[in-house]
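The model shown is predicted, which means the values in this text are computed figures rather than measured ones. Whatever order the structure lists them in is the order used to number ligands and atoms, beginning at 1.
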Amino acid sequence: MTEKQDIGALVEVLLQTRRVTVSTGAGISAESGIPTFRGQEGLWKQFRAEELATPTAFTQNPELVWEFYDWRRGIIAQKTPNPGHQVLASWENIFPSFSLITQNIDGFHQKAGSKSILELHGNIWKVRCTEEGTVTENHEVPLTKIPPLCPACGALLRPHVVWFGESLSPVVLNNAFQQSASCEVMFVVGTSAVVQPAASLPLAAAERGAKVVEVNPDPTPLTPYANFSFRGKAGEILPLIDEELKKAFSAKKD
Ligand code: BV8
């Protein structure tokens, strides 16, 4: 075991830590059975992102784009959060300051019990009116009408997600940068760390002196900057860290 994979050493750091930020990507939901984007079986290996996850694609073919999202909603609706999501939900009650940032749109962090989540790329269970901009929840699976129309004005609804080439919500993004730049430890879990601006968040943390902890079976462009790098599945590594952390907390109290 190298020092970068030493859970004991990480727990020593966490015992002295008040402010923790976690940033998650598709990998944390992989063990729940949700396909990732860039792995061997990733969605972007089977489908072209340009044809399904851009504003141009939606303008040209809203039916096709909605069929893609309806299919993904069907998969997500049948699955549940895993121990990785659950550990992160419990950490809200452990660290005096804890924030959770996710690129995922599946809503699994909420389902696992996390209360405060910065969803960088939106949420697949929300729809937005293309005319009025109104955002509403929609949990219909499968959708009865594709593409769905706004019940108030009849205009086209779109998924309330951020597509490639679209800006993220400035409020959410500023908050995410603030939480990253002000934490003492930043966990980065299950992301290939290539999509911007999400990939810059841990770098902002590192620049301000935070320790960066990566959890991912494979190396990423972030790996050279990580103080700790656990090569494994989030649903296995996070519970291991959690177990050691809780043991150390109770030993400290005795
Ligand atoms: C923006 C929501 C300003 C929808 C997604 C050229 C032209 C145009 C744009 C660009 C360009 N060059 C750069 C850009 C900017 C672009 C970008 O970064 N592109 C990259 C690909 C080069 N970014 C944007 O466009 C962003 N907006 O910049 O605005 C702007 C405006 C105009 C023009 C330019 C810029 C908006 C990006 C948001 C895109 N929307 N999702 C939907 O989901 O349908 S992004 C897409 O990737 C996914 O949806 C996901 O949200 C995101 C991140 O992916 P990851 O979560 O990291 O998943 P991935 O599959 O890649 O990796 C999984 C990882 O998990 C792997 O490392 C694997 O090893 C690991 N893993 C596997 N199993 C496990 C595990 N880890 C732990 N445990 C396991 N069990």
Side-chain angles (χ1 to χ4, degrees), residues 22-58 64-73 75-76 79 81-88 100-109 117-128 158-170 172-174 176-177 187-203 213-223 226 229-241:
V22 179
S23 178
T24 65
I28 196 167
S29 295
E31 287 154 87
S32 294
I34 308 298
T36 60
F37 296 92
R38 294 178 183 78
Q40 288 252 303
E41 318 217 318
L43 289 178
W44 301 147
K45 287 271 154 64
Q46 305 170 55
F47 305 104
R48 285 170 56 82
E50 300 83 355
E51 288 170 9
L52 296 165
T54 63
T56 311
F58 187 69
L64 180 70
V65 171
W66 262 116
E67 268 160 20
F68 176 61
Y69 281 91
D70 192 43
W71 171 70
R72 286 172 63 193
R73 282 159 60 111
I75 296 175
I76 296 166
K79 312 288 183 190
N82 65 58
H85 299 101
Q86 283 150 8
V87 164
L88 296 182
L100 180 57
I101 303 165
T102 188
Q103 292 173 79
N104 299 345
I105 61 173
D106 55 30
F108 276 6
H109 286 302
I117 306 148
L118 293 169
E119 292 183 310
L120 294 176
H121 296 161
N123 188 301
I124 201 164
W125 301 111
K126 291 181 181 167
V127 294
R128 189 163 85 233
R158 59 163 282 176
H160 186 52
V161 300
V162 180
W163 284 320
F164 288 103
E166 288 188 314
S167 299
L168 283 69
S169 150
V172 174
L173 187 59
N174 284 342
F177 268 108
F187 283 82
V188 184
V189 183
T191 173
S192 56
V194 294
V195 174
Q196 294 293 352
S200 298
L201 295 171
L203 301 178
V213 183
E214 186 176 55
V215 179
N216 196 314
D218 295 322
T220 74
L222 178 70
T223 306
S229 193
F230 296 101
R231 288 268 162 278
K233 296 180 174 179
E236 293 170 7
I237 301 286
L238 290 175
L240 281 178
I241 296 172

If I apply the N/O under 3.5 Å rule, does [X] come out as touching ligand 1?
{"X": "Lys233", "result": "no"}
{"X": "Ala53", "result": "no"}
{"X": "Gly25", "result": "no"}
{"X": "Val195", "result": "no"}
{"X": "Gly235", "result": "no"}

Who's the nearest protein heavy-atom neighbour of [atom], and how far?
{"atom": "atom 2 (C) of ligand 1", "result": "Val162 O, 3.4 Å"}
{"atom": "atom 20 (C) of ligand 1", "result": "Val194 O, 3.8 Å"}
{"atom": "atom 67 (O) of ligand 1", "result": "Asn216 ND2, 2.9 Å"}
{"atom": "atom 62 (O) of ligand 1", "result": "Ser192 N, 3.3 Å"}
{"atom": "atom 49 (O) of ligand 1", "result": "Phe37 CZ, 3.0 Å"}
{"atom": "atom 45 (S) of ligand 1", "result": "Phe164 CZ, 3.6 Å"}
{"atom": "atom 54 (O) of ligand 1", "result": "Arg38 NH1, 3.0 Å"}
{"atom": "atom 15 (C) of ligand 1", "result": "Gln196 O, 4.6 Å"}

| When you look at Leu203 and Leu222, which way does the side chain to side chain contact (heavy atoms under 4.5 Å, CB included) test go after all the steps? | CA-CA 8 Å; Leu203 301 178; Leu222 178 70; 4.0 Å; yes

Below 4.0 angstrom, counting only protein heavy atoms, does anything approach [atom]?
{"atom": "atom 13 (C) of ligand 1", "value": "no"}
{"atom": "atom 59 (P) of ligand 1", "value": "yes"}
{"atom": "atom 35 (C) of ligand 1", "value": "no"}
{"atom": "atom 52 (C) of ligand 1", "value": "yes"}
{"atom": "atom 77 (C) of ligand 1", "value": "yes"}
{"atom": "atom 6 (C) of ligand 1", "value": "no"}

| task | Taking the side chain as every heavy atom from C-beta outward, state whether Leu168 and His121 have any pair of such atoms under 4.5 Å apart. | result | yes

| Taking side chain as C-beta onward, heavy atoms only, is Thr24 less than 4.5 Å from Phe108? | no

| request: Could you walk me through whether Phe230 and Leu238 pass side chain to side chain contact (heavy atoms under 4.5 Å, CB included), step by step? | output: CA-CA 10 Å; Phe230 296 101; Leu238 290 175; over 6 Å; no

| said: Once rounded to the nearest 0.5 Å, what's the spacing between atom CD of Glu119 and atom NZ of Lys126? | reply: 5.5 Å

| said: Check the orientation of Trp71 and Phe47. Use parallel for under 30°, tilted for 30 to 60°, and perpendicular for over 60°. | reply: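 The rings of Trp71 and Phe47 stand perpendicular, inter-plane angle above 60°.
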
| query | Would you call the rings of His109 and His85 parallel, tilted or perpendicular if under 30° counts as parallel and over 60° as perpendicular? | reply | perpendicular

| message | Measuring from non-hydrogen atoms of Arg72 to any atom of ligand 1, is the shortest distance under 4.0 Å? | response | yes

| message | So is Phe68 touching ligand 1 or not, going by heavy atoms under 4.0 Å? | response | no

Closer than 3.5 angstrom, by distance alone: can the side chain of [X] be matched with the main-chain N or O of [Y] as a donor-acceptor pair?
{"X": "Glu214", "Y": "Ala226", "value": "no"}
{"X": "Asn123", "Y": "Trp125", "value": "yes"}
{"X": "Arg231", "Y": "Asn216", "value": "yes"}
{"X": "Arg73", "Y": "Ile124", "value": "yes"}
{"X": "Ser29", "Y": "Ser32", "value": "no"}
{"X": "Glu166", "Y": "Trp163", "value": "yes"}

Short list, please: which atoms of ligand 1 are under 4.0 Å from a heavy atom of [X]?
{"X": "Ala30", "value": "73 (N)"}
{"X": "Ile105", "value": "42 (C), 43 (O), 44 (O)"}
{"X": "Pro217", "value": "71 (N), 74 (C), 75 (C), 76 (N), 77 (C)"}
{"X": "Glu31", "value": "78 (N), 79 (C), 80 (N)"}
{"X": "Tyr69", "value": "4 (C), 42 (C), 44 (O)"}

| message | Does only the side chain of Leu52 get under 4.0 Å from ligand 1, or the backbone, or both, or neither? Count heavy atoms. | response | neither

| task | Report the part of Glu166 in contact with ligand 1, treating N, CA, C, O as backbone and CB onward as side chain, heavy atoms under 4.0 Å; options are side chain, backbone, both, neither. | result |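 The answer is the backbone of Glu166.
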
| query | Is it the case that more than 12 heavy atoms not belonging to Glu41 sit under 6.0 Å from its CD atom? | reply |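 Open.
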
| Run the side chain to side chain contact (heavy atoms under 4.5 Å, CB included) check on Val127 and Trp66 step by step: do they pass? | CA-CA 11 Å; Val127 294; Trp66 262 116; 3.7 Å; yes

| field | Test side chain to side chain contact (heavy atoms under 4.5 Å, CB included) applied to Phe37 and Gln103, step by step | value | CA-CA 12 Å; Phe37 296 92; Gln103 292 173 79; over 6 Å; no

| query | Can you name the one residue among Ile117, Ile101, Leu118 that meets side chain to side chain contact (heavy atoms under 4.5 Å, CB included) with Val172? | reply |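 Exactly one option meets the side chain to side chain contact (heavy atoms under 4.5 Å, CB included) with Val172, and it is Leu118.
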
| field | Per atom 33 (C) of ligand 1, closest listed option by heavy atom (Gly84, Gly165, Gly27, Gly42) | value |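 Result: the heavy atom closest to atom 33 (C) of ligand 1 is in Gly165.
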
